Chemist: 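Could you have a look at this structure, given as structure tokens, before my questions?
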Amino acid sequence: MEQSATLDIETLKITQEQFILASQSLHLQRPGCDAVYPVGLYGWRKRCLYFFLLLLLVTMIVNLALTVWIIKVMNFSVDGMGNLHLNQDGIRLEGISEFLLPLYVNEIQSRRDSLLVLRSEKNVTLNARNDQGQLTGQLTVGPEAVQAQCQRLEVRSKDGGRLLFTADEEEVIMTTEKFTVTGSEGAVFGHSVETPLIQARASEDLRLESPTRTLTMEAPRGVEVSAAKGPLKVSGRKDLQLESTEGEILLDANTIQLGSLPLGVYTASPSQASKEQTLYELCVCPSGKIYLSPAESSSTCQAMSNICLWS
């Protein structure tokens, strides 16, 4: 190792000596260092650089000020932005919020001490879809009507346990204890109604009417019509028929009045006979027609009277 290093040094010395001898023989001169060249930016280049640096500094200051102003105006914080707060349960909005596009959520809930109000210039539509994206239910609140589209509509009590109202394509069921109609025109039913009781309010009248058709009440065990604290009136433009196929017709009252019965007598003027007579006998024709006859010591009912002749 030492021997090889010694040889390299000697070889380097020989090379330097050869270079010096060669340069002397060729009369080469080393360049002088008289000329000095300045290094840097001077003049208009320097002024432009300072101008761009100043402009960049002003832009940074303006951007920083705008960022601070936006953060202050929008009320950005760690929890959220303004009235929008982010928490573990979801998003909380306070105040009035406006959505320009559809909103997809699992649950919308208001605060405990305030109401939940949904507003729209045209309508408010709530859609329910299945896993495949098909529409299964829709509730639309419009300016003219409220429409619900679903397979089955149910209305339950406040605790959610009792079913109050249900409707589907086949029937509508109401399970409440009382159904009240407060309209001045009452309730209009296009078809039959099945109910165990029809009752008016304590201070109001009950009226069942069919303006252009017949009114029929049927029950397998009986139909009861009663007025506990007032009169019961049954009227008709034509005949009033009471019929019992197997039983009897019972009229049970302290007083039974049959008004406007015809007077069955052979007189020229029935009005004159009615002024003189004050007591009459009730007679029945073979056809079942009832008429009055002047009461005397014996029966004055005549089967061949003028009433029975025309009956």
Side-chain angles (χ1 to χ4, degrees), residues 79-201 204 206-220 223:
D79 298 332
M81 177 185 67
N83 296 329
L84 177 64
H85 300 282
L86 303 176
N87 49 31
Q88 297 180 356
D89 299 334
I91 299 177
R92 178 179 178 182
L93 286 174
E94 295 182 357
I96 300 175
S97 303
E98 183 177 357
F99 300 94
L100 302 179
L101 297 176
L103 177 65
Y104 299 93
V105 295
N106 293 330
E107 181 181 358
I108 300 178
Q109 184 178 0
S110 65
R111 297 175 58 183
R112 295 183 179 179
D113 56 347
S114 61
L115 301 176
L116 177 62
V117 181
L118 302 178
R119 295 179 181 176
S120 176
E121 294 182 356
K122 294 184 178 180
N123 54 38
V124 177
T125 303
L126 303 178
N127 296 332
R129 301 181 182 272
N130 55 12
D131 299 336
Q132 300 178 357
Q134 297 176 355
L135 184 65
T136 58
Q138 185 181 62
L139 177 63
T140 303
V141 181
E144 297 181 357
V146 178
Q147 299 179 358
Q149 180 182 354
C150 57
Q151 296 180 357
R152 184 182 182 90
L153 177 63
E154 294 184 356
V155 178
R156 295 184 176 273
S157 59
K158 59 181 181 180
D159 56 354
R162 184 180 178 185
L163 182 63
L164 303 179
F165 176 85
T166 177
D168 54 17
E169 295 181 358
E170 297 180 356
E171 61 181 359
V172 176
I173 301 175
M174 298 188 64
T175 60
T176 56
E177 297 181 356
K178 183 183 295 185
F179 176 70
T180 305
V181 179
T182 59
S184 59
E185 297 295 333
V188 179
F189 300 95
H191 299 281
S192 61
V193 179
E194 182 177 352
T195 176
L197 176 63
I198 299 177
Q199 183 179 1
R201 290 185 176 182
E204 297 181 0
L206 175 62
R207 184 176 180 180
L208 302 178
E209 181 181 359
S210 178
T212 58
R213 294 295 185 269
T214 59
L215 177 62
T216 304
M217 292 186 293
E218 297 179 354
V223 177

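Note that this is a predicted model, so its numbers are computed, not measured.
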Chemist: Which atoms form the tightest heavy-atom contact between Asp159 and Arg162, and what is the distance?
Modeler: OD1-N, 4.2 Å
Chemist: Does Arg156 have any salt bridge (charged side-chain N to carboxylate O under 4.0 Å, His left out) partners at least two apart in sequence or in another chain, and if so, which?
Modeler: Glu154
Chemist: Hey, are the side chains of Leu139 and Val146 touching, using non-hydrogen atoms and a 4.5 Å cut-off?
Modeler: yes
Chemist: State, to 0.1 Å, how close Ala167 and Val172 come at their nearest heavy-atom pair, and which atoms those are.
Modeler: CB-CG2, 3.9 Å
Chemist: Strictly distance-based, threshold 3.5 Å: is any side-chain N or O of Thr136 a donor or acceptor partner for the main-chain N or O of Ala128?
Modeler: yes
Chemist: Return the CG to CG distance between Leu135 and Asn130, rounded to the nearest 0.5 Å.
Modeler: 9.0 Å
Chemist: Which atom pair, heavy atoms only, marks the closest approach of Cys150 to Gly137?
Modeler: CB-CA, 4.4 Å
Chemist: Of all the heavy-atom pairs spanning Met217 and Val223, show the shortest one and how long it is.
Modeler: O-CG2, 4.0 Å
Chemist: Please name all residues satisfying side-chain contact (heavy atoms from CB on, under 4.5 Å) with Glu171, sequence neighbours left out, ordered by chain then number.
Modeler: Asp168, Ile173
